Visitor: 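Here it is: the structure, laid out below.
Keep in mind the model is a prediction, meaning the values are calculated, not measured. Start at 1 and go down the list; that is how both ligands and their atoms are numbered.
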Amino acid sequence: MDLEELESLRKQAKERIEKINNEREWIDTKAYYLGKKGIIPSLLSKLPKLTQEEKKIYGQSVNTLKVFIEELLEQQLKTIKEREIEKKLSQTTIDITLPGKFEIRSGTVHPISQVIDEIIDIFTGMGFEVAEGPELESDYYNFEALNIPEEHPAREMQDTFYISDGFLLRTHTSPVQIRVMEKREPPLHVICPGKVYRRDSDITHSPMFHQVEGFVVDRDIHFGHLKGVLTEFLRRLYGENIGVRFRPSYFPFTEPSAEVDIQCVVCNGKGCRVCKNSGWLEVLGCGMIHPYLFSVVGYDKEIYSGFAFGLGVERLTMLKYAIDDIRLFYENNLSFLEQF
Ligand code: PHE
């Protein structure tokens, strides 16, 4: 066995190993060269028959060949495995841009939230800002500060959920008037949307519903401002041609007070079941802020005046979309909600 032979063996091995393309072949090839009865061990088995000098050169050369083959095999194994991964990846490609088999439902904004957003848009467009107050309210803010003392009959008008001594679920958003005025100085143009609670439940009443409070305090504010702002608001919500009228009414925290009606949206004022044949529908309460409230928050009633209003969002929404049962808003029935 001469060194030339080793060299041709080296070339052969390189060619053969680089052609391997699966693990089975790789194992066979490894056995062919390095296995117990493989080429390398058989070359080494000839060593004892050689002279000391030959042993050294020949032994070293075989060893170099052995290391060469081992490294080549390792390298090839890596290549095979990489190729396999590539192959698997290319076979299992998924096109994530393909449309799915199932319809993916996306939610819509709840009709109550839509109308609140619309109301906010209209008023912020007129220069109002938005404020909020707590739903768990004290007797003081919900009643006392609004000129509704302990024995006042107006407390009976609003069936209150009492929580504990002195605390309740607010029955209207009017307490936010006090909370804002207490902290700030006029001029104020504020609306306060939010949830309110009353012990009441039928097809037009829900124990929880939404109101939007609004108020303006500045010098020289008069009833004309109130009429102008609310008429404009209702026209934007229900259309240019909606009929609007103001009727005298009573609230302890406004003086004078009024209720506002719009022409019946169902019969256009002719008279029907919805408007109880009157042709009109009440949509909000309002009035000039009672001077008592100014004394509570420390405003000078000789300098400032203001108006306030409160509207029920569910009622406005029911009228806008001809919905006859308030409970539909809270049942999460998709065939109802998807119409909005
Ligand atoms: N808070 C009154 C209610 O809930 C509505 C209202 C607000 C009336 C502001 C006048 C002024 O019925």
Side-chain angles (χ1 to χ4, degrees), residues 116 119 123 128 130-135 137-149 152-161 168-181 188-200 204-218 221-223 225-231 233-234 244-262 281-294 296-297 299 304-319 326:
I116 291 176
I119 294 170
F123 280 108
F128 283 72
V130 179
E132 281 179 5
E135 291 165 33
E137 191 50 284
S138 69
D139 187 278
Y140 173 77
Y141 285 108
N142 197 80
F143 293 127
E144 207 84 12
L146 290 168
N147 197 27
I148 314 173
H152 198 286
R155 291 207 180 196
E156 307 273 305
M157 281 161 51
Q158 310 185 344
D159 286 314
T160 309
F161 286 111
L168 44 81
L169 294 177
R170 69 179 176 192
T171 59
H172 53 179
T173 42
S174 298
V176 189
Q177 287 187 42
I178 303 291
R179 287 182 174 275
V180 173
M181 288 196 287
L188 292 173
H189 313 78
V190 180
I191 56 166
C192 335
K195 292 184 166 74
V196 300
Y197 302 83
R198 292 182 198 175
R199 296 176 41 147
D200 216 346
T204 56
H205 295 89
S206 156
M208 182 285 296
F209 60 103
H210 298 78
Q211 285 191 334
V212 177
E213 191 82 8
F215 66 97
V216 168
V217 185
D218 203 349
I221 297 295
H222 53 72
F223 207 92
H225 294 121
L226 166 62
K227 275 190 89 168
V229 166
L230 291 180
T231 305
F233 161 70
L234 290 168
V244 176
R245 75 177 185 188
F246 288 71
R247 250 182 317 105
S249 184
Y250 171 77
F251 299 101
F253 33 91
T254 47
E255 181 59 34
S257 302
E259 277 173 322
V260 182
D261 299 337
I262 56 170
L281 298 161
E282 184 222 316
V283 290
L284 55 87
C286 61
M288 301 306 293
I289 298 177
H290 197 293
Y292 177 82
L293 275 63
F294 289 157
V296 164
V297 299
Y299 289 177
Y304 295 114
S305 55
F307 67 81
F309 57 90
L311 53 87
V313 179
E314 275 76 355
R315 182 161 169 81
L316 286 181
T317 310
M318 288 169 81
L319 295 174
I326 197 170

Visitor: Which of parallel (below 30°), tilted (30 to 60°) and perpendicular (above 60°) describes Phe128 and His189?
Guide: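 It falls in the perpendicular class, over 60°.
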
Visitor: Using a 6.0 Å distance limit plus a 45 degree cone around the ring axis, check whether Arg179 lies over the aromatic ring of Tyr141.
Guide: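 Cation-pi check for Arg179 and Tyr141: passes.
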
Visitor: Output the list of atoms in ligand 1 that are nearer than 4.0 Å to some heavy atom of Gln211, sorted by atom number.
Guide: 3 (C), 4 (O)

Visitor: Name the option, out of Gly214, Ser257, Gly287, Gly310, that contains the heavy atom nearest to atom 7 (C) of ligand 1.
Guide: Gly310

Visitor: Does only the side chain of Phe215 get under 4.0 Å from ligand 1, or the backbone, or both, or neither? Count heavy atoms.
Guide: neither

Visitor: For ligand 1, which atoms have a heavy atom of Ser174 less than 4.0 angstrom away?
Guide: 1 (N), 7 (C)

Visitor: Can you find an N/O atom of Gln177 closer than 3.5 Å to an N/O atom of ligand 1?
Guide: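 There is no such contact.
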
Visitor: Pick one: which of Glu135, Glu137, His172 meets side-chain hydrogen bond (donor to acceptor under 3.5 Å, both in side chains) with Tyr197?
Guide: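 For Tyr197, the side-chain hydrogen bond (donor to acceptor under 3.5 Å, both in side chains) check succeeds only for Glu135.
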
Visitor: Give the C-alpha distance, both sets of side-chain angles, the deciding distance and a yes or no for ring pair (Phe, Tyr, Trp, His ring centres under 6.0 Å) between Phe223 and Phe307.
Guide: CA-CA 7 Å; Phe223 207 92; Phe307 67 81; 8.7 Å; no

Visitor: Measure the shortest side-chain to side-chain distance between His225 and Asp218 over non-hydrogen atoms and say whether it is less than 4.5 angstrom.
Guide: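 His225 vs Asp218: side chains apart.
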
Visitor: Given side chains that start at C-beta, do those of Met181 and Tyr299 come closer than 4.5 Å, heavy atoms only?
Guide: yes

Visitor: Relative to the heavy atoms of Arg198, which atoms of ligand 1 are at a distance of less than 4.0 Å?
Guide: 3 (C), 4 (O), 12 (O)

Visitor: Using a strict cut-off of 4.0 Å, indicate which atoms of ligand 1 neighbour a heavy atom of Phe253.
Guide: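 Taking each heavy atom of Phe253 in turn, ligand 1 has 1 (N), 2 (C), 6 (C), 7 (C), 8 (C), 9 (C), 10 (C), 11 (C) under 4.0 Å.
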
Visitor: What about Phe215 and Phe253, are their ring centers closer than 6.0 Å?
Guide: no

Visitor: As an exercise, identify every atom of ligand 1 less than 4.0 angstrom from a heavy atom of Cys286.
Guide: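 Under 4.0 Å from Cys286, ligand 1 has these atoms: 8 (C), 10 (C), 11 (C).
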
Visitor: Which ligand 1 atoms, with their elements, are less than 4.0 angstrom from a heavy-atom of Thr254?
Guide: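 Ligand 1 atoms under the 4.0 Å threshold to Thr254: 10 (C), 11 (C).
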
Visitor: Please confirm whether Arg170 approaches ligand 1 to less than 4.0 Å, judged on its heavy atoms.
Guide: no

Visitor: Hey, which atoms in ligand 1 end up nearer than 4.0 Å to a heavy atom of Phe309?
Guide: 7 (C), 9 (C), 11 (C)

